[in-house]
Amino acid sequence: MSLRTPLLTGGGVAALLASIAVAVTVGPADISTGDVWAAVAAHLGVGEGTSAPLRDGIVWDLRMPRTLLAAVCGAGFAVCGAVMQSLLRNPLADPFVLGVSSGASTGAVAVVVLGVGGGVVSLSAGAFLGALLSFALVLLLSHTLGGSTDRVVLSGVAAMQLFSALTSFVVLTSADAETTRGVLFWLLGSLAGADWGQVLLCAGVLAGVLVVCLGYARTLDAFAFGDEAAAGLGVRVARTRLVLLCATALLTAALVSCAGAIGFVGLVLPHATRALTGAGHARLLPVTALTGAVFLVWVDTLARTVLDPQEVPVGVVTSLIGVPAFVVVLYRGRRRA
């Protein structure tokens, strides 16, 4: 049992590196794994580039940042889902239960359709600010209602419905057909146009939040027994919940602002990973992050190639895969019960 976590972690890292190397080669341009390694080595200053400039540009400027952003988003959404499910003691909790994605959608639509910010604020910045506004509303509502886990979930549902309605109203009343199509594509989740700035931003936030969550791993284990039991074990329940809610909301806001709302990653993968690692969060969180990263790398690869040259929104593909997978998880849970 003690060897399971290192084996799973090592296998996950190897699978992630191999997935990234192979995924970058998939596409209409003829790119080999040798071209990938040569381009990466050259840009990192540990080798000389052997690829043609065009291939180097395709690898380093187009496919590599997109693939890495997919890995970061997959890891981040999966970690947030695992934390939220334990923190709220709700197996249906996911990163969007706090209404963050709906707030991000409203912020993005306000920038793109209404021109809020006067061209100075980008779509990603508007989405991030909208996500934080939604989360602030959830915190305010849940605090005034008592701050219990069910109040947090209900406040999240209220905020989600409010901002979804605002988004729909703005799009229907102010957007033209072309703008509506572009906004809809982003709302369904898209990694097109990923750049190194987004990769570094999201990776930095993910690293910080993952460190915080791992620091609270034993506390998250205690939450599985309920708030009263956790308090009896010395956990400062209200403070811990606030810290972890803020951390996961910040990570979700950063990811959604760059990639849109990619559903089911944070809902399904934590359940699947628990079957391998058990419920202990010191083991669960790193393996869940690796599982989510590998999963979304391949989902994005499928999304951009299955109907080439047309691209399918990543969120559509994750939902098509996630719904059957979640049904399987539910049936397995029913048999164990």
Side-chain angles (χ1 to χ4, degrees), residues 1-16 71-98 100 135 139 147-149 152-153 202-255 265-296 329 333:
M1 190 71 178
S2 60
L3 293 176
R4 176 179 295 183
T5 301
L7 288 175
L8 289 173
T9 304
V13 171
L16 177 58
V72 171
C73 289
F77 285 134
V79 167
C80 288
V83 172
M84 295 298 296
Q85 289 166 9
S86 300
L87 194 63
L88 301 178
R89 299 185 66 206
N90 188 336
L92 297 179
D94 70 356
F96 305 139
V97 74
L98 300 177
V100 172
F135 177 63
L139 283 184
S148 60
T149 56
V152 173
V153 173
C202 293
V205 177
L206 171 62
V209 171
L210 187 56
V211 168
V212 171
C213 292
L214 285 173
Y216 282 93
R218 291 189 177 182
T219 303
L220 285 168
D221 294 341
F223 270 102
F225 301 99
D227 290 357
E228 293 183 2
L233 294 172
V235 175
R236 300 177 66 176
V237 174
R239 178 182 174 181
T240 300
R241 180 178 289 121
L242 178 61
V243 169
L244 291 176
L245 286 178
C246 289
T248 53
L250 175 63
L251 177 55
T252 303
L255 299 179
V265 177
L267 178 61
V268 177
L269 291 183
H271 290 293
T273 307
R274 283 190 189 94
L276 299 174
T277 65
H281 287 79
R283 301 186 302 272
L284 174 66
L285 292 180
V287 178
T288 299
L290 291 168
T291 304
V294 173
F295 174 76
L296 201 57
V329 170

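Heavy atoms only: backbone and side chains are in, while hydrogens, waters and symmetry mates are out.
- With hydrogens and angles disregarded, no donor-acceptor distance shorter than 3.5 Å links the side chain of Ser86 to the backbone of Val83.
- The minimum heavy-atom distance between Leu276 and Leu8, with the atom names listed, is O-CD1, 4.0 Å.
- In this structure, the separation between CG on Leu255 and CG on Leu250 is 9.5 Å, given to the nearest 0.5 Å.
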Please list, one pair per line, the donor and acceptor atoms closer than 3.5 Å that link side chains of residues 230-242 to other protein atoms, with sequence neighbours excluded.
| unit_1 | atom_1 | unit_2 | atom_2 | d |
| --- | --- | --- | --- | --- |
| Thr240 | OG1 | Arg236 | O | 2.8 |
| Arg241 | NH2 | Asp227 | OD1 | 2.9 |
| Arg241 | NH2 | Asp227 | OD2 | 2.9 |

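- Here the closest heavy-atom approach between residue Ala71 and residue Leu16 is recorded as CB-CD1, 4.1 Å.
- Partners of Val209 by side chain to side chain contact (heavy atoms under 4.5 Å, CB included), not counting sequence neighbours, listed by chain and number: Val205, Cys213, Ala247, Leu251.
- Shortest non-hydrogen contact noted between Ala254 and Cys202 is O-SG, 3.8 Å.
- Residues Leu88 and Ala93 come closest through the heavy atom pair CD1-CB, 4.4 Å.
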Throw together a table of side-chain donor-acceptor distances under 3.5 angstrom for residues 284-294, partners on residues two or more places apart or in other chains.
| unit_1 | atom_1 | unit_2 | atom_2 | d |
| --- | --- | --- | --- | --- |
| Thr288 | OG1 | Leu284 | O | 2.7 |
| Thr291 | OG1 | Val287 | O | 2.8 |

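- By the 4.5 Å heavy-atom criterion applied to side chains, Gln85 and Leu267 are counted as neighbours.
- By the ring pair (Phe, Tyr, Trp, His ring centres under 6.0 Å) test, Phe96 pairs with Phe77, sequence neighbours left out.
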- Should Asp94 and Val268 be marked as a side chain to side chain contact (heavy atoms under 4.5 Å, CB included) after you check the CA-CA gap, both sets of side-chain angles, and the distance that decides it? CA-CA 9 Å; Asp94 70 356; Val268 177; over 6 Å; no
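- The minimum heavy-atom distance between Pro95 and Gly81, with the atom names listed, is CG-N, 3.8 Å.
- Between atom CG of residue Leu210 and atom CG of residue Leu214 there is a gap of 4.5 Å, rounded to the nearest 0.5 Å.
- Side-chain contact between Val97 and Met84: present, with at least one pair of heavy atoms (C-beta onward) separated by less than 4.5 Å.
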Per-pair distances, 0.1 Å, donor-acceptor, side chain in residues 215-226, under 3.5 Å, sequence neighbours excluded:
| unit_1 | atom_1 | unit_2 | atom_2 | d |
| --- | --- | --- | --- | --- |
| Asp221 | OD1 | His281 | N | 3.1 |
| Asp221 | OD1 | His281 | ND1 | 2.7 |

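- Nearest heavy atoms, Cys80 versus Thr252: SG-OG1, 3.5 Å.
- With contacts defined as side-chain heavy-atom distances shorter than 4.5 Å, the pair Leu296/Val72 does not qualify.
- The side chain to side chain contact (heavy atoms under 4.5 Å, CB included) test applied to Ala253 returns Val100, Phe128, Ala131, Leu132, not counting sequence neighbours.
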